[in-house]
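What you see below is based on every heavy atom in this structure, not just the backbone, and it leaves out hydrogens, waters and symmetry mates. One-based numbering, in listed order, for ligands and for the atoms of each.
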Amino acid sequence: MATKTKKKSAKKKAVRKSYVPGDFELRVGRSKTGLGLYAESEIPKGACIIEYVGPQISKDEEETINSLYLFEVNARKTIDGSPRWNTARYINHSCRPNAEPNIHKARVFIHALRKIKPGEEIAYDYGKAYFNAYLKEVCACPKCEAKRSGKAPKKKTLAKKMAGKKATNATAKKKKAA
Ligand SMILES: [Zn+2]
């Protein structure tokens, strides 16, 4: 069964992905929820935008570290993306993302899902576990804002309260397991 799925995706991938970030102008700027990463030049669909970098931490450290930017690459490797030189850490979540993370040789690269215009904020989907644990009530993406304003305006207060609280992917994972 696994072979079948593999074949299918291989067919779909006509163009091979590049894992060398392009020379795009990026800017860290104010977003709805704090800071975000913005495109300053046009990024073509499928382009490699940036690598998510940081020191590798052990499984033990993962349990105790106080970082908002843990990225689980695989069962053995987690990156602590909190250093400021990891510009990719400024990329926010969106339920309608224009980018996506891809793991290649145990490294994390962010690719454009579609053409991204200058001035546009770059965002990717942080995943279901993280979303359900921390973003469900506060997600500021257009899709969620529309959903909330149409349904329950009361939740706005809660959203504001929770916006200040951030947590780690590691905690999200733990919560899911519990
Ligand atoms: Zn959303």
Test of understanding: with salt bridge (charged side-chain N to carboxylate O under 4.0 Å, His left out), list the residues that count as partners of Glu42, not counting sequence neighbours.
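So Glu42 forms no salt bridge (charged side-chain N to carboxylate O under 4.0 Å, His left out) with any residue.
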Test: [X] and [Y] ion pair at under 4.0 Å:
X      : Y      : answer
Glu62  : Lys59  : yes
Arg148 : Glu137 : no
Glu51  : Arg89  : no

Please name all residues satisfying side-chain hydrogen bond (donor to acceptor under 3.5 Å, both in side chains) with Ser18, sequence neighbours left out, ordered by chain then number.
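If we apply the side-chain hydrogen bond (donor to acceptor under 3.5 Å, both in side chains) test to Ser18, skipping adjacent residues, there are no hits.
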If you look only at pairs with a residue in residues 80-100, which of them pass as a ring pair (Phe, Tyr, Trp, His ring centres under 6.0 Å), with sequence neighbours excluded?
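Residue pairs with at least one partner in residues 80-100: His93-Tyr126, His93-Phe131.
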Everything protein-side that's N, O or S and under 2.8 Å from the Zn ion (ligand 1): list it, residue and atom.
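For the Zn ion (ligand 1), the protein N, O and S atoms that sit under 2.8 Å away are Cys95 SG, Cys139 SG, Cys141 SG, Cys144 SG.
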